[in-house]
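In what follows, a single structure is set out as structure tokens and then discussed.
Computed from a predicted structure; not experimentally measured. Quick note: numbers below take in every heavy atom, side chains included, and nothing from hydrogens, waters or symmetry partners.
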Amino acid sequence: MPKAPKSDFLGVMIARGYMDDCTDLEGLDAALMAGVVPTYIGYDATAPSLHVGHLLNIMMLRWLQRTGHKPITLMGGGTTKVGDPSFRAEERPLMTAGQIAANISSMQTVFARYLSYGGGQTDAIMLNNAEWLDGLNYLEFLRDIGRHFSINRMLSFESVKSRLDREQSLSFLEFNYMILQAYDFLELYRRHGCRLQMGGSDQWGNIVNGIDLTRRVAEGAVFGLTSPLLTTSDGRKMGKSAAGAVWLDAGMLAPYDFWQFWRNTTDADVGRFLRLYTDLPLGECARLEALGGSEINAAKIVLANEVTTLLHGAEAAAGAEATARAVFEEGTLGAAMTTVAIAPAEAEAGVSLAQLFVRAGLAASGKEARRLIAEGGARLDDAPVTDPGRMIGTSDLAQPLKLSAGRKRHARVVLG
């Protein structure tokens, strides 16, 4: 592996910590130096929104475009009908075509915040693999594509092997996923000259299959590059919060709560996250990472502002910071804080505090809300909550109420 790759893109990937492994680093470096390299990452439509776990690879596509190459965002309209079994304990629930189409429509808006789409040489394009997967003839596909896959080799991939070693069922439907993903790479090579697939390190086996298939069928010189699967310094999976997934859609997670997720980064993760999730120069990342004591909080605010600006815009980031300052320094309710509106008819009947904490995203379930209250971590207008069953009604909502989970997560409840 060359200590200093010649291509700008690989230089960024290594310096900022994006790269875990590459199938042929020297070959890819040469291809990147020779001209524009169309590159894809696939996104299955299993939910209406992408989440923070997807953000690292979106940033990789962003840097790819900024260094002169062409990103391809591939929506999994076809592969979502099967479901990726990689490192899962059980089969994904099957989704209808309508659900998948709705999810894809909802997900698409996020990419435009990070990438420039259009018809230029390095403009990003968005494709849907249903375009070529939905019309496949099964017997022809088995004969022309299936014959290139060794069952013995497929069983050796860690994503499959770990499932079988635990004696957990792996359906024939799921087993076909890696063949379909490999076929995606072949089709993208044929249709758009795609030379590189990127993904998380859990996709290594799927990526290698696609490279082998493309080389066998089309004699294409193609490459794979994976990113590390991130955990926070305290061992939690990146993108998970106490209230569940950290969504990128403002309709599923308010910009204020997204900002707060980054503001609450542990001290040990600040530098790494600045390098991975922002466009700040490496020197500035290093300066902020080196801040000590309470000054590290300034670096966390920069991190939160930079990441929120990329996704939701500068105005949303500024509003979130102002709200946080109002909540923590002035004790008031900021306008950007997550708001739960209780309809007048519902307020007449009353809503329990446990339900309100769940609806505000401060707890993932009623059980978690009751545990939060039992452990003394829940507050209502800064007073400790002791009764999860206490009903909040019309008279309680004459003024907005402030809910707090711990010291850093807040929401307000209003009538209306």
Under a 3.5 Å distance rule, please check whether [X] uses its side chain to pair with a backbone N or O of [Y] as donor and acceptor.
{"X": "Arg215", "Y": "Val222", "result": "yes"}
{"X": "Ser105", "Y": "Ala101", "result": "no"}
{"X": "Gln65", "Y": "Thr122", "result": "yes"}
{"X": "Arg275", "Y": "Arg16", "result": "no"}
{"X": "Tyr18", "Y": "Leu276", "result": "yes"}
{"X": "Asn129", "Y": "Gly78", "result": "yes"}
{"X": "Glu187", "Y": "Tyr183", "result": "no"}
{"X": "Thr39", "Y": "Gln197", "result": "no"}
{"X": "Lys300", "Y": "Thr265", "result": "yes"}

Might you point out which heavy atoms bring [X] and [Y] nearest each other, and give the distance in Å?
{"X": "Val37", "Y": "His69", "value": "N-ND1, 3.0 Å"}
{"X": "Asp123", "Y": "Lys70", "value": "O-NZ, 2.7 Å"}
{"X": "Tyr117", "Y": "Ile125", "value": "CE2-C, 3.7 Å"}

**Study point:** Glu315, CD atom: more than 12 neighbouring heavy atoms under 6.0 Å
**Key:**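 No, not enclosed.
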Check your understanding: CD of Gln121: more than 12 outside heavy atoms within 6.0 angstrom?
Key -> no
Point to revise | Polar side chain donor-acceptor pair, Asp269 to Thr266, under 3.5 angstrom | key: yes
Practice item. Could you tell me whether the side chains of Asn305 and Glu321 share a donor-acceptor contact shorter than 3.5 Å? Key: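 Judged by distance alone, the side chains do pair up.
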Check your understanding: Between Phe185 and Tyr40, does a ring pair (Phe, Tyr, Trp, His ring centres under 6.0 Å) hold up when you go through it step by step?
Key -> CA-CA 8 Å; Phe185 204 168; Tyr40 96 95; 5.6 Å; yes
Could you check whether any side-chain heavy atom of [X] comes within less than 4.5 Å of a side-chain heavy atom of [Y], counting everything from C-beta outward?
{"X": "Phe258", "Y": "Trp247", "answer": "no"}
{"X": "Glu306", "Y": "Leu280", "answer": "yes"}
{"X": "Leu274", "Y": "Glu284", "answer": "no"}
{"X": "Pro388", "Y": "Leu353", "answer": "no"}

Review point. Taking atom CD1 of Ile211 and atom CZ of Arg195, what is their separation to the nearest 0.5 Å?
Key: 11.5 Å
Practice item. Starting at CE of Met107, measure out to OG of Ser49 and round the result to the nearest 0.5 Å. Key: 8.0 Å
Point to revise | Pairs meeting criterion side chain to side chain donor-acceptor pair (under 3.5 Å) with involvement of residues 217-229, two or more places apart | key: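 Applying side chain to side chain donor-acceptor pair (under 3.5 Å) to every pair that reaches into residues 217-229, excluding sequence neighbours, yields Asn57-Ser227.
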Exercise for review: Taking side chain to side chain contact (heavy atoms under 4.5 Å, CB included) as the test, write out the residues that go with Ala130, two or more places apart.
Suggested key: Asn128, Asp134
